[in-house]
Asker: 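Have a look at this one before I ask anything.
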Amino acid sequence: MDTDMDSAYGADDTTPDLDPDRADRHRSGRDQADVVHLWYIDLDAVSPGAGKRLDSALGPEERARRGTYPDSRSRSRFTVAHGALRILLGRFLGIPAPQVRMRCGPLGKPSLPPGAPPVHFSLSHARGQAVAAVSVGREVGVDLDHPRDGFPLEEFTRRYFPPPERDLVLGAPRGDRQRVFLTLWTRKEALVKAAGSGIAVGVRQQVGVAADATVVTADHPRMRGTWRIADLSPPLGVGAVALAHSRPYRVVAHNWAAAEAPWTKP
């Protein structure tokens with residue numbers, strides 16, 4: 001669940017080969033289509049120098065959007081999250097981050113323009129943490145959320161969740177209910193982001209009661225198709241990632257270090 005925006009089995013620390021001279025490796029092939037790269041980003045741990053580079057990566061639409069935030073901390077977090085995503089996309093595409101062109105679908109799903117390589121991406125942040133996901137060849141959605149006090153999860157679950165999920169949440173020990181709820185919620189959010197739909201549609205979609213991963217076949221016109229969803233283990237909170245199609249995929253997790261992330265590899 002995002003606080004102010006909007007975008008498998010095991011993880012490792014392997015760094016992807018992002019050399020622009022070998023960009024074709026990231027633009028085609030089943031091997032790349034069955035891998036999703038995640039970057040966990042601490043939005044409040046950026047040096048002034050890295051912050052300037054992240055700021056310079058933004059496009060005009062992002063700058064305009066950033067200007068709508070009322071406080072400096074929110075504007076800074078927006079800069080870090082969106083600047084980091086642009087830098088990552090630039091590395092996959094082999095171009096400087098400011099040259100990455102994006103467009104938004106009817107419901108706000110961001111993507112590269114027609115004719116671009118099949119690099120798909122998603123971005124989510126909650127509080128001071130963010131996660132960026134990049135997949136080649138398969139639509140991707142990612143979500144990150146944190147427990148919160150005062151949210152009426154029992155009432156919400158009874159009203160909106162399908163019966164098997166309702167029973168799973170309400171049948172859990174009271175101290176575990178928020179974690180179980182957020183596991184299902186982030187799966188739903190990841191699914192609708194991957195499909196380019198909205199949570200009003202996805203909240204009633206069953207995303208499974210199995211642990212760790214699930215395959216979902218959705219019939220709603222806005223997210224019709226088969227999707228594989230995997231739970232994540234972010235540094236803080238709860239997360240999930242969804243990719244198009246039912247094939248298994250590998251999640252490769254990284255910790256973002258802005259000071260070590262030039263626009264393109266030298």
Side-chain angles (χ1 to χ4, degrees), residues 1-8 33-34 36-38 61-62 65 81-82 85 89 102-114 116 118-126 130-146 151 153 156-166 168-169 181-210 213-232 234 237-249 251:
M1 180 187 297
D2 293 338
T3 55
D4 53 12
M5 74 168 58
D6 311 331
S7 194
D34 294 337
V36 57
H37 289 283
L38 303 178
E61 295 86 356
E62 291 156 327
R65 184 176 172 191
H82 286 266
L85 176 63
L89 291 174
M102 301 183 193
R103 65 170 187 165
C104 283
L107 295 177
K109 177 180 172 62
S111 64
L112 300 180
V119 176
H120 304 281
F121 57 93
S122 182
L123 180 66
S124 177
H125 71 68
V131 58
V134 181
S135 170
V136 179
R138 293 171 70 172
E139 293 285 358
V140 61
V142 71
D143 192 61
L144 179 68
D145 206 351
H146 292 267
F151 179 73
L153 70 86
F156 187 94
T157 299
R158 289 190 185 97
R159 183 173 182 180
Y160 294 111
F161 278 18
E165 296 177 350
R166 178 196 62 204
L168 183 68
V169 174
F181 172 86
L182 288 177
T183 296
L184 296 172
W185 181 259
T186 54
R187 290 180 183 182
K188 294 174 187 288
E189 285 271 20
L191 172 60
V192 299
K193 289 181 180 181
S197 181
I199 194 60
V201 173
V203 69
R204 299 186 187 278
Q205 171 65 52
Q206 186 169 323
V207 291
V209 294
T214 187
V215 174
V216 173
T217 299
D219 294 326
H220 194 284
R222 292 184 182 175
M223 57 182 185
R224 182 174 288 125
T226 302
W227 311 86
R228 180 173 286 267
I229 308 172
D231 298 332
L232 303 176
V238 179
V241 63
L243 264 67
H245 311 305
S246 62
R247 296 192 309 272
Y249 53 84
V251 174

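Residue numbers count from 1 along this sequence. A quick note: this is a predicted structure, and the numbers were derived from the prediction, not measured.
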Asker: With heavy-atom distances below 4.5 Å as the criterion, would you say the side chains of Ser124 and Lys193 are in contact?
Answerer: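 Yes. Closest side-chain heavy atoms under 4.5 Å.
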
Asker: How long is the straight-line distance from OG1 of Thr157 back to CG of Leu168, given to the nearest 0.5 Å?
Answerer: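 That separation rounds to 9.5 Å.
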
Asker: Measure the OG1-CE distance between Thr217 and Met223 for me, rounded to the nearest 0.5 Å.
Answerer: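 Here the rounded value is 11.0 Å.
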
Asker: Do any N or O atoms from the side chain of Lys188 and from the backbone of Gln205 form a donor-acceptor pair under 3.5 angstrom?
Answerer: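 Judged by distance alone, yes, a pair lies under 3.5 Å.
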
Asker: Looking at every heavy atom in both Ala130 and Ala81, which two are closest together, and how far apart are they?
Answerer: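 Looks like CB-CB, 4.4 Å.
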
Asker: Drop me the distance from Leu182's CG to Asp231's CG, to the nearest 0.5 angstrom.
Answerer: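 Between atom CG of Leu182 and atom CG of Asp231 there are 11.5 Å.
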
Asker: List the atom pairs, with distances to 0.1 Å, where a side-chain N or O of residues 135-142 and a protein N or O form a donor-acceptor pair under 3.5 Å, not counting sequence neighbours.
Answerer:
from: Ser135; atom 1: OG; to: Arg138; atom 2: O; distance (Å): 3.1
from: Arg138; atom 1: NE; to: Ala244; atom 2: O; distance (Å): 2.7
from: Arg138; atom 1: NH1; to: Asp34; atom 2: OD1; distance (Å): 2.7
from: Arg138; atom 1: NH1; to: Arg247; atom 2: O; distance (Å): 3.4
from: Arg138; atom 1: NH2; to: Ala244; atom 2: O; distance (Å): 2.9
from: Arg138; atom 1: NH2; to: His245; atom 2: O; distance (Å): 3.3
from: Arg138; atom 1: NH2; to: Arg247; atom 2: O; distance (Å): 3.0
from: Glu139; atom 1: OE1; to: Lys109; atom 2: NZ; distance (Å): 3.4
from: Glu139; atom 1: OE1; to: His120; atom 2: ND1; distance (Å): 3.4

Asker: Output the distance between atom CZ (Arg187) and atom CG (Leu232), rounded to the nearest 0.5 Å.
Answerer: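 Between atom CZ of Arg187 and atom CG of Leu232 there are 10.5 Å.
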
Asker: With sequence neighbours excluded, what pairs up with Glu62 under the side-chain hydrogen bond (donor to acceptor under 3.5 Å, both in side chains) test?
Answerer: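 In terms of side-chain hydrogen bond (donor to acceptor under 3.5 Å, both in side chains), with neighbours along the sequence ignored, Glu62 is linked to Arg86.
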
Asker: So how far is it from Leu144 CG to Ser122 OG, rounded to the nearest 0.5 Å?
Answerer: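 With rounding to 0.5 Å, CG (Leu144) is 11.0 Å from OG (Ser122).
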
Asker: Could you pull out the closest heavy-atom pair between Thr214 and Val207, with the gap in Å?
Answerer: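 For Thr214 and Val207, the tightest heavy-atom pair comes out as CG2-O, 2.9 Å.
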
Asker: Which atom pair, heavy atoms only, marks the closest approach of Val36 to Ala133?
Answerer: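 Looks like CG2-CB, 4.3 Å.
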
Asker: Compare every heavy atom of Thr226 with every heavy atom of Ser246, then report the nearest pair and how far apart it is.
Answerer: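 Taking Ser246 first and Thr226 second, the nearest heavy atoms are CB-CG2, 3.6 Å.
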
Asker: Do Leu89 and Met102 have side chains that approach each other closer than 4.5 Å (heavy atoms only, starting at C-beta)?
Answerer: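 Of all side-chain heavy-atom pairs linking Met102 with Leu89, at least one is under 4.5 Å.
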
Asker: Can you confirm whether Phe161 sits close enough to Val203 that some side-chain heavy atom of one is under 4.5 Å from a side-chain heavy atom of the other?
Answerer: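 Yes. Closest side-chain heavy atoms under 4.5 Å.
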
Asker: For Val192 and Gly202, work out which heavy atoms get closest and say how close.
Answerer: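 The answer is CG1-CA, 3.5 Å.
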
Asker: Nearest 0.5 angstrom please: Gln206 CD to Leu191 CG, how far?
Answerer: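 Nearest 0.5 Å value for the CD-CG distance: 12.0 Å.
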
Asker: Return yes if some donor-acceptor pair links the side-chain N/O of Arg224 with the main-chain N/O of Asp219 below 3.5 Å, else return no.
Answerer: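 Looks like yes, one N/O pair under 3.5 Å.
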
Asker: Within a strict 4.5 Å, meaning less than it, do heavy atoms of the Arg65 and His82 side chains meet?
Answerer: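 Arg65 vs His82: side chains touch.
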
Asker: Should the heavy atoms of other residues, nucleotides or ligands under 6.0 Å from CZ of Arg222 be counted, would the total exceed 12?
Answerer: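 Counting neighbours around CZ of Arg222, 12 or fewer heavy atoms of other residues, nucleotides or ligands fall under 6.0 Å, so no.
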
Asker: Compare every heavy atom of Thr183 with every heavy atom of Thr186, then report the nearest pair and how far apart it is.
Answerer: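 Looking at all heavy atoms of both residues, the closest pair is OG1-O, 3.2 Å.
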
Asker: Is the distance between the ring centroids of Phe156 and Trp185 under 6.0 Å?
Answerer: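 Yes, close enough.
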
